[in-house]
Amino acid sequence: MRLRTHAGLGAIATGIASVLLASTATAAPAPGSSGVGDPYYPYAGNGGYDVAHYDIRLTYQPATDLLSGTTTILATTTQDLSSFDLDFGLHVNSIRVDNLPATFHVDPKESGELVVTPARPLEKGRMITVVVNYADTPSKVVIDGYTAWKKTADGALAVDEPQSSQWWFPASDHPTDKATYDVSVEVPDSVAALSNGTLVRRTQQRAGWTRWYWRSTRPQATYLATLEVGKFEINQSATPDGKPFITAYDPAIGDSLDAAKASVERTPEIDEFLATQFGPYPFEAQGGVVSPGLSFALEAQTRPVYSGKFFRAGSNTSVVAHENAHQWFGDAVSLGRWSDIWLNEGFASYAEYLWAEHEGEGTPAELAQYVYDSYPADNAFWQVLPGDPGAAKQFDDAVYDRGAMALQALRTTVGDAAFFTILKTWVAEHKGGSARIEQFIALAERVSGRSLHELFTTWLFTKGKPAVGPNGAAPFRTQGQPKAYAKIKSTHESLAQARQY
């Protein structure tokens, strides 16, 4: 599903045709669509049902990379269904729908798409229970030429974007279908199993094995659900306001270990500051995981995951501010379509500017202007549109940096009071769900009382360097390179390079 643009128009046309046909046949159950119609990833997510909860109960053996167990899905049907799809790539042993055995097969036209036919058609508007039993070695599973599961020396990481769930649990894999989670994973005693939310308990049901139970009680997108297995050093404490705060570090990051701790352990302080800018922290727990097993960082809900490389040059609270800003922008309020990626990355990048000012290392105005001045007009940087970069450029530098400049341009235009009201209102109105760029523009115009069409068209949807910089037409000069610039630039380059495919 990562690169499923090749069948996009056909899939969307098929979905439209299915809707039209269904409207003329009032009583006949029909298959749910194989995607939600996202132009970047047409097979992402599934039609015909809405997931409320995933109960994932697994056993993982690091020595063999064997992952086995059961996922129970609670969902509500949104149409009369004869069959429905799950996004999943592992080998399935059995599926039961409402306690009855169901038939299933892999879609021959699309790897990673599992078609389920229940024993009886499903009526619209009813809760259903889907139980999938499976076992496989995820690191050997390839979908569209890619494997998101990352095998490490002593475990594995189920961490990636825009898709990773297909390698460890069946799902409707799109940010618009959020759910709550219970994740229970049994692993050898020598390793830990980390996931999102709150650690409910650990139990030893057989010699040599420990089962870790995690619970996420707030709606969560599938790509934000993560699993990290390995020999982590784990710290458990509480934030100043009493939330569970769990961090984990793989000692294999070596000389970067102390720098990683000096950065990630400041997460509650950083979230406390971000709350003054964006509104109350939206979730029930905080934390972070650092591993050498990946090359990027991901805003996993409540517990971001960082590559050890972000701390090779010393402490880096900029990347911590970036990933935790996503708890508001991307996690609490998720993308309506993957083309809306600016709502994630532009906002998290601007949070780095805000944190830099808080730390006395440059104001957002100075940083945005310095970035603007750093790219000449003929640089390819200005040819990527943050508002619709295309799947291949979804994590391009421009989405981060021009995206942050767009927010500074908005702040310059509407003023500080309206700007921060817009950010806080956006989260307050959409948290727990998903939203689109056009909705943000409408909100900005409503709060500011100004027409902002030209501003957003220029900064998000027009190729070329804007004639007027992010601080307006009046001359604005930076006093040399802001102190935070080098760290932010390095962070953005790492985030972008690691996600090019």
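Numbers here simply count residues along the sequence, with the first being 1.
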Taking every non-hydrogen atom, the tightest pair across [X] and [Y]:
| X | Y | value |
| --- | --- | --- |
| V159 | F296 | O-CZ, 3.6 Å |
| P170 | I73 | O-CD1, 3.7 Å |
| A135 | N93 | N-ND2, 3.9 Å |
| V319 | Y306 | O-CE2, 3.8 Å |
| Q61 | P188 | OE1-CG, 3.9 Å |
| V320 | I270 | CG1-CD1, 3.5 Å |

Derivation of the ring pair (Phe, Tyr, Trp, His ring centres under 6.0 Å) call for F232 and W212: CA-CA 14 Å; F232 291 98; W212 299 65; 9.6 Å; no
[X]/[Y] ion pair, N-O < 4.0 Å:
| X | Y | result |
| --- | --- | --- |
| K261 | E233 | yes |
| K140 | D65 | no |
| R57 | D55 | no |
| R215 | D182 | yes |
| R126 | D98 | yes |
| E186 | R206 | yes |
| D340 | R436 | yes |

Out of curiosity, [X] [atom1] to [Y] [atom2], how far, rounded to the nearest 0.5 Å?
| X | Y | atom1 | atom2 | answer |
| --- | --- | --- | --- | --- |
| D177 | D50 | CG | CG | 4.5 Å |
| L224 | D331 | CG | CG | 4.5 Å |
| T317 | E269 | OG1 | CD | 8.5 Å |

Just wondering, do [Y] and [X] contact through their side chains at under 4.5 Å, heavy atoms?
| X | Y | value |
| --- | --- | --- |
| R303 | W214 | yes |
| F278 | Q327 | no |
| I143 | Q166 | yes |
| L335 | L343 | yes |

D189 atom CG, neighbour heavy-atom count above 12 within 6.0 Å: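 Check passes, neighbour count above 12.
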Over 12 foreign heavy atoms within 6.0 Å of CD, E438: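 Atom CD in E438 is crowded, with more than 12 foreign heavy atoms closer than 6.0 Å.
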Worked check of side-chain hydrogen bond (donor to acceptor under 3.5 Å, both in side chains) between T180 and Q220: CA-CA 6 Å; T180 56; Q220 177 174 285; over 6 Å; no
For the residue pair [X] and [Y], is the inter-centroid distance of their aromatic rings smaller than 6.0 Å?
| X | Y | answer |
| --- | --- | --- |
| Y134 | F88 | yes |
| Y223 | W338 | yes |
| F169 | Y54 | yes |
| F347 | W342 | yes |

Distance-only donor-acceptor check, side chains E299 and H322, under 3.5 Å: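 No donor-acceptor contact under 3.5 Å links the two side chains.
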R201 to Y213, cation-pi by 6.0 Å centre distance and 45° axis angle: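 Cation-pi check for R201 and Y213: passes.
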Working for side-chain hydrogen bond (donor to acceptor under 3.5 Å, both in side chains), residues E352 and Y400: CA-CA 11 Å; E352 293 179 76; Y400 295 80; over 6 Å; no
